[in-house]
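A short worksheet on the structure shown next.
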Amino acid sequence: MNYSAELLELIEEFQDIDDKMERLEMVFDLADEVNLLPVEQWCDTTRVQGCQSEAHVKVEVLDSEVNFYAGADSKLVQGLMGILTMAIHGAKADLVLSLTPEFATEMGILNSLSPSRSNGFRNMFDKVMTEVKQQVD
Amino acid sequence: MNYSAELLELIEEFQDIDDKMERLEMVFDLADEVNLLPVEQWCDTTRVQGCQSEAHVKVEVLDSEVNFYAGADSKLVQGLMGILTMAIHGAKADLVLSLTPEFATEMGILNSLSPSRSNGFRNMFDKVMTEVKQQVD
Amino acid sequence: MIEVKILREDFPILQREINGYPLVYLDNAATTQKPNSVIDAMNDYYSNSNANVHRAVHTLAGEATEGYESCRRALKSRFNANKAIITSGTTEAINLVAHAWGRANLSDGDAIILTEMEHHSDIVPWQMLAQEMNIELRYVPVQKDLTLDMELFEAAIKGAKLVCVVHISNVLGVCNPVEKIVEIAKQNGARVLLDAAQSAPHQEINFEQIGADFMAFSAHKMCGPTGIGALLVNDESFDEMQPFMGGGDMIETVSIHGSTYQKNEQKFEAGTPRIAEAIGWTEAIKWLNSVDIKIEHKRILESARWLSGELRRMGMTVYGRHDDNDAAVVSFLHPTMNSEDLAHLLDARGFAVRTGHHCAQPLLDRLEISGTVRVSLYFYNTHDEVVSFVNYLEEILERFA
Amino acid sequence: MIEVKILREDFPILQREINGYPLVYLDNAATTQKPNSVIDAMNDYYSNSNANVHRAVHTLAGEATEGYESCRRALKSRFNANKAIITSGTTEAINLVAHAWGRANLSDGDAIILTEMEHHSDIVPWQMLAQEMNIELRYVPVQKDLTLDMELFEAAIKGAKLVCVVHISNVLGVCNPVEKIVEIAKQNGARVLLDAAQSAPHQEINFEQIGADFMAFSAHKMCGPTGIGALLVNDESFDEMQPFMGGGDMIETVSIHGSTYQKNEQKFEAGTPRIAEAIGWTEAIKWLNSVDIKIEHKRILESARWLSGELRRMGMTVYGRHDDNDAAVVSFLHPTMNSEDLAHLLDARGFAVRTGHHCAQPLLDRLEISGTVRVSLYFYNTHDEVVSFVNYLEEILERFA
Ligand SMILES: Cc1ncc(COP(=O)(O)O)c(C=O)c1O
Ligand SMILES: Cc1ncc(COP(=O)(O)O)c(C=O)c1O
């Protein structure tokens with residue numbers, strides 16, 4: 001996989017934590033990494049389906065560089081968005097398109113979450129990928 | 001219980017048998033004890049409800065003595081009727097009315113039968129008792 | 001009084017650890033855990049007696065039939081009812097009333113009374129029937145004090161044919177005044193359906209004495225298996241019910257010209273029944289019969305009251321009042337923290353709570369919230385568990401809120 | 001090929017003795033026995049993972065949800081289907097089609113085709129619907145050779161909207177030409193419902209390839225638990241189905257003004273689902289996946305053929321033909337001896353067979369009999385068992401006939 005150095009470091013950091021609560025704490029902290037999509041811009045096209053909470057994402061590809069904006073009413077979900085931010089924001093579109101949600105599994109965060117939350121992450125990931133692809137094509 | 005000598009003997013005979021098939025064989029043999037109710041007389045009033053097979057009974061109390069006629073399309077059921085015949089046919093009505101289906105349980109025949117058959121026996125017993133009572137009153 | 005420690009030994013799942021911490025199961029209003037006797041009885045059935053029931057001669061079929069029917073007897077005896085129809089749960093039991101009784105006995109323009117406190121399972125079947133038959137649904141409002149507005153109920157009852165009311169709310173734990181409701185309904189010639197999904201596990205219920213016509217509940221919420229529940233019916237209403245689902249076991253005769261149906265409960269139990277489940281449920285009822293339910297209820301209600309006080313002290317909003325007959329259910333909300341986030345953090349240390357709308361959106365609409373965090377206790381919960389819950393919650397709030 | 005001796009070790013009940021004799025279970029068309037893996041999985045669920053499913057955050061709820069949904073995946077994959085709705089059994093699955101599809105898509109004067117070979121569960125729901133909606137039911141006759149009269153089927157199909165046909169008869173073991181039936185139905189614009197209660201346990205079925213619209217079957221007849229079954233549906237028909245039972249889990253939103261429903265299979269799974277049962281069924285499907293079903297089928301079919309020959313030699317009338325795709329079911333009658341008496345005597349030595357109308361009275365009417373004795377084999381039955389059955393039957397006839 002073509003993980004950025006930053007993402008690789010994050011994966012390792014996560015793997016070092018045994019305690020589930022601490023892992024969740026780290027996810028919470030990453031909520032700050034998100035480039036906030038203002039609540040006024042939340043709408044049907046930005047909504048991530050299948051999330052128990054409200055979760056919204058927006059992608060812009062400028063000069064084949066991905067910009068990622070997001071927001072959620074759950075801090076945990078926003079933390080997941082923070083992780084995705086670190087993985088794709090500012091990265092080249094072709095690099096982004098080579099990603100799979102595997103990296104989140106490797107971090108161990110997906111099995112720290114209820115199935116509905118981890119499905120939510122997958123849905124978010126898929127939505128982002130689809131939109132990147134559309135804007136690249 | 002006021003069992004007749006004949007019935008007591010029969011209960012003992014049954015209790016002596018361990019093998020279920022032999023017990024059934026004895027029930028089969030007792031089918032011959034029945035005073036047959038001719039098939040032409042089988043009708044809704046003679047029918048025993050809740051039996052899987054056709055089973056019909058008729059009771060007459062003459063000079064306060066019970067006369068019992070019966071018939072079934074199952075030889076096993078007719079064997080049960082034979083046992084009832086030995087218990088009540090020719091006996092005094094008040095003696096008959098003091099009987100409970102306990103004697104069949106004591107014989108061990110009821111648990112040799114499927115629940116539907118042993119319910120059938122109980123239904124037959126109840127029907128006979130009701131009719132004896134009606135004719136006595 | 002059995003010590004709760006001893007009582008807990010009956011439940012193997014209470015040995016479970018979650019993320020290295022002992023399981024603290026506080027989601028009992030969703031489903032309860034099962035004692036060994038229930039698990040073992042089903043095990044034994046499948047290992048030694050499994051067969052299809054009714055109309056069969058062989059030994060296993062006799063044992064299976066006896067096992068299945070013993071469940072019906074246990075239900076009738078525990079709840080003092082004449083007729084117990086076995087269903088797949090509360091939801092199917094209520095749908096059965098809608099189809100078997102409602103469609104045959106209601107007509108265009110009739111009214112049914114529901115309450116704003118109902119579970120979706122006691123709303124949606126009636127909405128579907130109302131649409132099909134042009135029936136009016138009248139919802140009794142929930143007041144600020146979380147009780148039903150009985151004045152509006154009395155006003156709404158005129159001309160209503162059926163009252164559907166939840167005995168104990170699964171969100172609030174509030175126990176509704178069902179005797180009073182039945183009395184008013186009967187005075188006005190209306191039938192009453194009790195949704196007893198939450199009360200059957202927590203109270204001794206005398207169906208005949210309450211005087212309701214129908215009562216629906218689920219085994220899985222009272223220590224029994226999944227996939228089975230019951231509808232109790234009084235004789236008058238039973239005689240008015242038409243068959244719902246057709247198939248094996250519910251018929252007397254079938255020909256290509258038409259069919260006749262059984263006279264007893266089997267008329268409403270089409271197909272191979274829930275045999276293993278019935279055998280498990282019988283054991284669950286025996287287990288409940290062995291518990292001094294009044295004392296245990298009082299004990300966990302005390303814990304719930306204490307918990308409510310602690311939560312309020314921490315700044316939570318608590319939705320509940322915890323009167324003597326209410327269930328030991330505590331619904332609450334943190335002013336800022338997302339409920340699912342809270343539940344995830346709780347789960348990290350083994351605390352199982354439920355969040356969301358609890359299948360009671362109209363009630364939440366009335367309370368102007370979209371969900372709660374719900375702690376629901378059962379007889380195997382200890383006060384120590386509730387204390388450790390409060391302690392950990394404080395830790396969470398310090399670190400995350 | 002797994003030796004049947006080894007295969008039998010998976011089934012604890014086969015150790016059972018009846019009246020001091022080893023159980024010889026020959027009532028598999030009524031229900032099959034369960035392998036240890038199925039019993040253990042349910043045990044494990046209740047002892048370690050029990051929780052209510054869907055919409056919950058805690059670990060147990062996640063495990064329960066995963067367990068429940070894994071059953072749906074296993075069904076879709078084994079039968080090659082896009083949609084698998086979980087029901088309480090074949091009977092409920094067929095009633096679901098009648099209510100959810102039939103009531104929404106049929107109208108006054110439409111015709112439904114049934115066959116005289118149907119199980120009551122595939123007759124009574126349609127009789128009820130026919131009465132309610134004024135629909136004509138046309139029964140395809142069974143011929144002397146125990147097959148459907150395909151000429152009359154082709155004549156009857158004109159103007160019919162739905163064909164309901166049993167894949168394998170539970171009385172005769174006859175496998176109907178479902179591909180042909182689907183082809184003719186499709187040419188005439190009719191939908192097809194397969195009652196696969198008896199075929200799902202005995203064949204590898206490719207639902208999509210057969211091209212039927214609906215397929216109903218029960219877990220308990222294929223080594224799974226009681227209380228659960230499924231309806232497979234193709235996408236076209238799925239989209240035409242309206243909700244049947246209302247309640248929790250099948251909704252998206254509920255308000256006092258109305259409700260919206262889920263889009264997927266959950267739309268038809270109201271209430272707390274059959275969680276433990278689904279987990280058990282998943283294991284049963286895995287067990288079946290591990291068996292070379294073609295070889296095992298051939299083996300027990302050979303035993304059934306041999307049995308038929310022996311029975312005829314003894315003067316019995318045998319109702320069955322035992323073609324390659326037929327099930328290993330042998331229905332027979334003694335010229336004079338009462339069938340239930342025979343079954344009682346068989347049970348005395350541990351042989352479990354079924355007697356009676358097998359919930360197929362119209363078929364028996366056509367055959368001009370009121371019942372049969374039925375021996376039905378499954379993969380754990382050995383030829384030795386069948387031989388000892390024949391030997392004991394001869395003994396019975398000598399002593400009693
Ligand atoms: C052909 C057929 N259809 C339907 C059924 C009904 O199945 P269930 O009783 O599991 O609903 C059976 C079994 O009894 C059957 O053999
Ligand atoms: C009050 C109430 N009614 C109905 C139900 C539905 O019960 P089930 O899902 O077992 O059918 C529940 C439980 O979810 C409940 O709490």
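Naming convention: chains lettered A, B, ... in sequence-line order (proteins, then strands); numbering from 1 in each chain.
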Identify, with sequence neighbours excluded, every residue that meets ring pair (Phe, Tyr, Trp, His ring centres under 6.0 Å) alongside His120(D). His357(D)

Qualifying residues under ring pair (Phe, Tyr, Trp, His ring centres under 6.0 Å), relative to His58(D), sequence neighbours excluded: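 For His58(D), no residue satisfies ring pair (Phe, Tyr, Trp, His ring centres under 6.0 Å) once neighbours in sequence are set aside.
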
Test of understanding: with side-chain hydrogen bond (donor to acceptor under 3.5 Å, both in side chains), list the residues that count as partners of Gln15(C), not counting sequence neighbours.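 Testing Gln15(C) for side-chain hydrogen bond (donor to acceptor under 3.5 Å, both in side chains), a comparison that skips the adjacent residues, returns none.
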
Where does [X] contact chain C at under 4.5 Å (heavy atoms): side chain, backbone, both or neither?
X: Ser49(D); result: both
X: Met128(D); result: side chain
X: Val373(D); result: neither
X: Val38(D); result: neither
X: Thr253(D); result: both
X: Arg366(D); result: neither
X: Ile275(D); result: both
X: Tyr46(D); result: both
X: His344(D); result: both

Which one wins on heavy-atom pair count under 4.5 Å against chain C: [options]?
options: Ser88(D), Ala98(D), Gly247(D), Pro125(D); answer: Gly247(D)
options: Ala360(D), Gly356(D), Pro273(D), Gly246(D); answer: Gly246(D)
options: Thr91(D), Val124(D), Asn50(D), Thr90(D); answer: Asn50(D)
options: Gly89(D), Ala348(D), Ser255(D), Cys359(D); answer: Ser255(D)
options: Ile18(D), Thr31(D), Leu137(D), Asn95(D); answer: Asn95(D)

May I ask you to say whether Arg274(D) pairs ionically with Glu277(C), meaning some side-chain N is under 4.0 Å from a carboxylate O?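 Salt bridge: no.
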
Nearest 0.5 Å, please: how far is CG in Asn19(D) from CG in Asp347(D)? 6.0 Å

Identify the residues of residues 23-30 of chain C whose heavy atoms come closer than 4.5 Å to a heavy atom of chain D, ordered by number, or report 'none'.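 The residues closer than 4.5 Å to chain D, in numerical order, are Leu23(C), Tyr25(C), Asp27(C), Ala30(C).
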
Tell me, yes or no, whether the heavy-atom count around Gln131(D) atom CD, taken from other residues, nucleotides or ligands under 6.0 Å, exceeds 12. no

Indicate, with yes or no, if the rings of Phe217(C) and Trp281(C) have centres closer together than 6.0 Å. yes

May I ask you to check whether Phe244(C) and Phe244(D) place their ring centres under 6.0 Å from each other? yes

Highest number of heavy-atom pairs under 4.5 Å with chain D: which of Glu92(C), His119(C), Met250(C), Lys221(C)? Glu92(C)

